[in-house]
Amino acid sequence: MFSFSGLSVALAIVLVPGPVESLKEGECEVCVTFLGKFYDSLKDSNTNFNSADIEKQLLESCKDTKGKDNRFCYYIGATSDAATKMINEVSKPLSYHVPVEKICEKLKKKDSQICELRYDKQLDLTTVDLKKLKVKDLKKILEDWGESCKGCAEKSDFIRKIIELMPKYAPAAAKARTDL
């Protein structure tokens, strides 16, 4: 009789589910943001919510991504150069309207790198002192705008190019700055 109760206790410990590991605030920032926007675009375009159509749309939307969004697409296998394919881990749950946070939790278990992605902090071009920024940050501003600075060798060249392009890409910042 004693061995039976020990066995039942051991069985109960094994069968009782452990703590559910949900996402913490700010965790999986890129995954949650990207999939949230993607899900909204699916609803707006009245897409059929079946796995095949969602997969096709995901591949299409990942073609135009840049930066951290592109890295996320690479991790789930939605880019042409990706080594793995986990697209069905996204498309199938989305077809059942599973919340994106839950999808990201599942993806985190498959590949923890997905939840390590973070967006870069955006600079406030209205108040930032361009002269105090690193050249790397100045190049990043131009890259975000889809521009490059051919022949720029000095920091002042990058600053001049940013100031020249600011009215086109950040008109509110250009109007607010008095040093231009």
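Side-chain contact, D144 with Y169: no donor N or O sits under 3.5 Å from an acceptor N or O. The closest side-chain donor-acceptor pair between S51 and S91 falls under 3.5 angstrom.
For N48 (side chain) and N50 (main-chain N/O), no donor-acceptor pair under 3.5 Å exists by modelled atom type. Side chain of K85 to backbone of G77: a donor-acceptor contact under 3.5 angstrom is found.
Residues L142 and L165 form a side-chain contact, since some pair of their non-hydrogen atoms from C-beta on lies under 4.5 Å apart. Put simply, the side chain of S41 does not reach to within 4.5 Å of the side chain of Q57, judged on heavy atoms. Taking the side chain as every heavy atom from C-beta outward, Y75 and L107 never approach each other to under 4.5 Å. Between L138 and K155, some side-chain heavy-atom pair lies under the 4.5 Å cut-off. Looking only at side-chain heavy atoms (C-beta outward), I159 and L133 stay at 4.5 Å or farther from each other. Counting heavy atoms from C-beta outward, D69 and T33 have side chains that stay 4.5 Å or more apart. In this structure, the side chains of D120 and K140 come closer than 4.5 Å at one or more pairs of heavy atoms. Side-chain contact between K150 and S148: present, with at least one pair of heavy atoms (C-beta onward) separated by less than 4.5 Å.
Here the straight-line distance linking atom CE of M166 with atom CG of L130 works out to 5.0 Å at 0.5 Å rounding. Taking CD of E116 as the start and NZ of K108 as the end, the distance is 9.0 Å to the nearest 0.5 Å. With rounding to the nearest 0.5 Å, the separation of CD in E164 from CD1 in I162 is 11.0 Å. For the atom pair I54 CD1 and L59 CG, the distance stands at 12.0 Å (nearest 0.5 Å). Here K139 contributes atom NZ and C152 contributes atom SG; the two are 9.0 Å apart, rounded to the nearest 0.5 Å. The CG atom of N88 sits 10.0 Å away from the CD1 atom of I76 when rounded to the nearest 0.5 Å.
Heavy-atom minimum distance, M86 versus D111: CE-CB, 4.3 Å. Between L125 and A170, the shortest heavy-atom contact is CD1-CB, 4.0 Å. Minimum heavy-atom separation, C149 to K161: SG-CB, 3.9 Å.
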Tell me, with the steps shown, if L58 and E55 meet side chain to side chain contact (heavy atoms under 4.5 Å, CB included).
CA-CA 5 Å; L58 182 61; E55 204 167 298; 5.6 Å; no
When you look at C62 and Y74, which way does the side chain to side chain contact (heavy atoms under 4.5 Å, CB included) test go after all the steps?
CA-CA 9 Å; C62 279; Y74 174 79; over 6 Å; no
Is there a disulfide (SG to SG under 2.5 Å) between C31 and C115? Walk through the geometry before answering.
CA-CA 7 Å; C31 178; C115 285; 5.8 Å; no
Please lay out, stage by stage, how K66 and R71 fare under the test side chain to side chain contact (heavy atoms under 4.5 Å, CB included).
CA-CA 8 Å; K66 293 180 183 167; R71 181 65 23 197; over 6 Å; no
Run the numbers on K110 and E89 for side chain to side chain contact (heavy atoms under 4.5 Å, CB included), then give the verdict.
CA-CA 9 Å; K110 298 256 184 206; E89 298 289 333; 3.5 Å; yes
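Aromatic ring centres of Y39 and F49 lie closer together than 6.0 Å.
Sulfur-to-sulfur, C104 and C28 sit at least 2.5 Å apart at their SG atoms.
Using a 4.0 Å cut-off between a side-chain N of Lys or Arg and a carboxylate O of Asp or Glu, D157 and R160 qualify as a salt bridge. For K63 and E60, the salt-bridge test passes: some basic side-chain N is under 4.0 Å from an acidic carboxylate O.
A side-chain contact (heavy atoms from CB on, under 4.5 Å) with F72 is found for one member of L35, T79, T65 and no other, namely L35.
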